[in-house]
Amino acid sequence: MTKIKIMSVRDEDIVYIEDWAKKNNVEYELSRHPLTDDNIDEAEGFDGLSLSQQIPISEEVFAKLKSFGIKQIAQRSAGFDTYDLELASKYGIVVSNVPSYSPSSIAEFAVTQAINIVRNFNAIQNKMKVHDFRWESSILSKSISELKVAVIGTGRIGSIVAKIFAQGYDCEVVAYDPFPNEVSEEYVTYQPTLQEAIEGADIVTLHVPATKYNHHLFDKHIFSHFKKGAVFVNCARGSLVDTNALLSSIDSGQIKGAALDTYEFERGLFPSDQREQQFNDQLLQQLIDREDIIITPHIAFYTDAAVKNLIVDALDATLEVLQTGTTHLRVN
Ligand code: NAD
C-alpha cells in the first residue's frame, strides 16, 4: 500500500486527510512539525511527502529524500517561494503547490473587511465596550451602494471581489489589471493605469501577486492619488505595500482607514502564538492598536472549504507523481 508522510499538520486538517486516505486506499503518518535537518529521518520508508513548509529546506535534506527514494513534495499552499526549486530538481524532487484553494473565501473576507472599515466597526465596538451607546457623527457611515470600488488585479480572487461589489452591493466598480479578463468586463470598467483606477475610488482593494518587481507598489506616491477619505484593503501580500507610507496617509486624513490581512514583515509571525513572547515589532503593534485599521494574521483564506481543498489537491498531486512521474500542479 502507498505510504505518505504528511507534515505541519493542524487539527482541522485531520478529518480531510482521513477521508482522502480512506477513499484512495493510502496509508499515512502525520507530524505537526515542518521538515528539518533534525527530523528528516522520519521521512524514510514513505513513498510520498506533503508539507506546509514555511522555512527553507537544506541541500542535505533534499539529498536524503533522494536517498530514501522520495520523488516529490506536495506543498499545501499557493506560495512556494520557501523552496529552492533548482536544488529540488537537482535531486529529482517534483515540487507541487495548490495555486487556488478557495478564492471565494478570500474575496468574501476582503469585502467584509472593506465594509467594516467603511462602517466604522472598530470605533462602534470600542464605544460599545465602554457602554457608550450614542449615535454620533464620528460613527456616521456611508452606504456601500453609493461607493465606487477599485479592484487592483482581477484574477481568481479580484474578479470575485468585483462581482460581489457590483452585483451584490450595486457599486460602481473600476479595475486595473494589465491582463483584463472578459468575464469581469461584464461588471467592471477597466482603467488604463493603476493611478487612473484608484483616483476617485472610495474603496481600493488589492489582489495582485507579489513579485520582485512590485515591492511597495502602493507607496507614498500612489497613496497621494487616493480620493480623500478612501478605504484601502490588502488581502494579497504585505510586500506590495509600504506600511509607513500607508500610516502617514491615514494620519494626514488622505485615507480613512485600512483593512490588512497581510503585513510586509509577517514572516515568522503569521501564524504563530506570541502571547508569552516579548513583542518587539512596534510597527505591527501600531497597526493592531489603531481604531482606523483592522489587521488580521493572513487569515482571509481560512475556511473549512480552503482547508479541505488544500489537503485534497496536495494529496492528489502526490499520487499523480507516484503514478505518472509528474503532476499538473508541478512548479519546478
Ligand atoms: P491570480 O494570479 O489569479 O490573479 C492575479 C491578477 O493580478 C492577474 O490577473 C494579474 O494579471 C494581475 N496583476 C499582476 N500584476 C498586477 C499589477 N501590477 N497591477 C494590477 N494587476 C496585476 O491571483 P489570485 O489567486 O487572485 O491571488 C491574488 C493575491 O491574493 C495574491 O497576492 C495571493 O498571494 C493573495 N492570497 C492571499 C490569501 C490570504 O489568505 N490573504 C490567500 C491566497 C492568496
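As the structure lists them, so they are numbered: ligands from 1, and atoms in each ligand from 1. What you see is a predicted model; the values in this text were computed from it and never measured. Below, each value reflects all heavy atoms present in this structure, side chains not excepted, and no hydrogens, waters or symmetry copies.
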Next on the checklist: Looking at ligand 1, would Ser100 count as a contact under a 4.0 Å heavy-atom criterion?
Outcome noted: no
Next on the checklist: Does the residue Pro209 have a heavy-atom contact with ligand 1, meaning some pair of atoms that are separated by less than 4.0 Å?
Outcome noted: yes
Checklist entry - Near Tyr101, which atoms of ligand 1 are under 4.0 Å from a heavy atom of that residue? => result 42 (C), 43 (C)
Checklist entry - In the protein, which heavy atom is nearest to atom 41 (N) of ligand 1, and how far is it? => result Asp261 OD2, 2.9 Å
Next on the checklist: When you measure from the heavy atoms of Cys235 to every atom of ligand 1, does any distance fall below 4.0 Å?
Outcome noted: yes
Checklist entry - Parallel under 30°, tilted from 30 to 60°, perpendicular over 60°: which one fits the rings of Phe270 and Tyr263? => result tilted
Checklist entry - Which ILVMFWY residues can you reach from Leu49 by hopping between side chains whose heavy atoms are under 4.5 Å apart? => result Met7, Leu35, Ile40, Leu51, Ile57, Val61, Phe62, Leu65, Phe68, Ile70, Ile73, Phe80, Tyr83, Leu85, Leu87, Tyr91, Ile93, Val95, Val331
Checklist entry - Would you say the side-chain atoms of Ser145 and Asp170 include a donor-acceptor pair closer than 3.5 Å? => result no
Checklist entry - Which one holds for Ile106 and ligand 1: side chain close, backbone close, both close, or neither close, with close meaning a heavy atom under 4.0 Å? => result side chain
Item to check | Non-neighbouring partners of Asp316 that pass salt bridge (Lys or Arg N to Asp or Glu O under 4.0 Å), sequence neighbours left out | outcome: none
Next on the checklist: Can you tell me if Tyr302 contacts ligand 1 (heavy atom of the residue under 4.0 Å from the ligand)?
Outcome noted: no
Checklist entry - Looking at Tyr16, is Lys308 sitting on its ring face, NZ or CZ under 6.0 Å from the six-membered ring centre and within 45 degrees of the normal? => result no
Checklist entry - Which heavy atom of the protein is the closest neighbour of atom 40 (O) of ligand 1, given with residue, atom name and distance? => result Phe301 N, 3.1 Å
Next on the checklist: Looking only at the side chains, is there a donor atom on one of Gln285 and Asp289 sitting less than 3.5 Å from an acceptor on the other?
Outcome noted: yes
Checklist entry - Is Tyr213 touching ligand 1 with its side chain, its backbone, both, or neither, if touching means heavy atoms under 4.0 Å apart? => result neither
Item to check | Minimum-distance protein heavy atom relative to atom 27 (O) of ligand 1 | outcome: Ile157 CD1, 3.4 Å
Item to check | Donor + acceptor pair across side chains of Asn120, Lys256 (<3.5 Å) | outcome: yes
Checklist entry - Which one holds for Asp177 and ligand 1: side chain close, backbone close, both close, or neither close, with close meaning a heavy atom under 4.0 Å? => result both
Next on the checklist: Could you identify the single nearest non-hydrogen protein atom to atom 28 (C) of ligand 1 and state the distance to 0.1 Å?
Outcome noted: His207 O, 3.4 Å
Checklist entry - In terms of residue, atom name and distance, what is the protein heavy atom nearest to atom 18 (N) of ligand 1? => result Leu217 CD2, 4.0 Å
Checklist entry - For residues Ser77 and Gln75, is any side-chain donor paired with an opposing acceptor at under 3.5 Å? => result yes
Checklist entry - Under 4.5 Å between any side-chain heavy atoms of Asn122 and Asp292, yes or no? => result no
Next on the checklist: Applying a heavy-atom cut-off of 4.0 Å, say which part of Tyr176 lies close to ligand 1: side chain, backbone, both or neither.
Outcome noted: both
Next on the checklist: As a check for students: among Arg156, Arg237, His298, identify the option with a heavy atom nearest to atom 39 (C) of ligand 1.
Outcome noted: His298
Next on the checklist: Looking only at protein heavy atoms, which one is nearest to atom 17 (C) of ligand 1, and what is the separation?
Outcome noted: Val208 CG1, 4.0 Å
Item to check | Among His298, Glu264, Glu266, the one residue meeting side-chain hydrogen bond (donor to acceptor under 3.5 Å, both in side chains) with Arg237 | outcome: His298
Checklist entry - Where is the nearest protein heavy atom to atom 4 (O) of ligand 1: which residue, which atom, and how far? => result Gly155 CA, 3.2 Å
Checklist outcome for this item: Here the pair of heavy atoms bringing Ala314 nearest to Arg76 is CB-CG, 3.5 Å
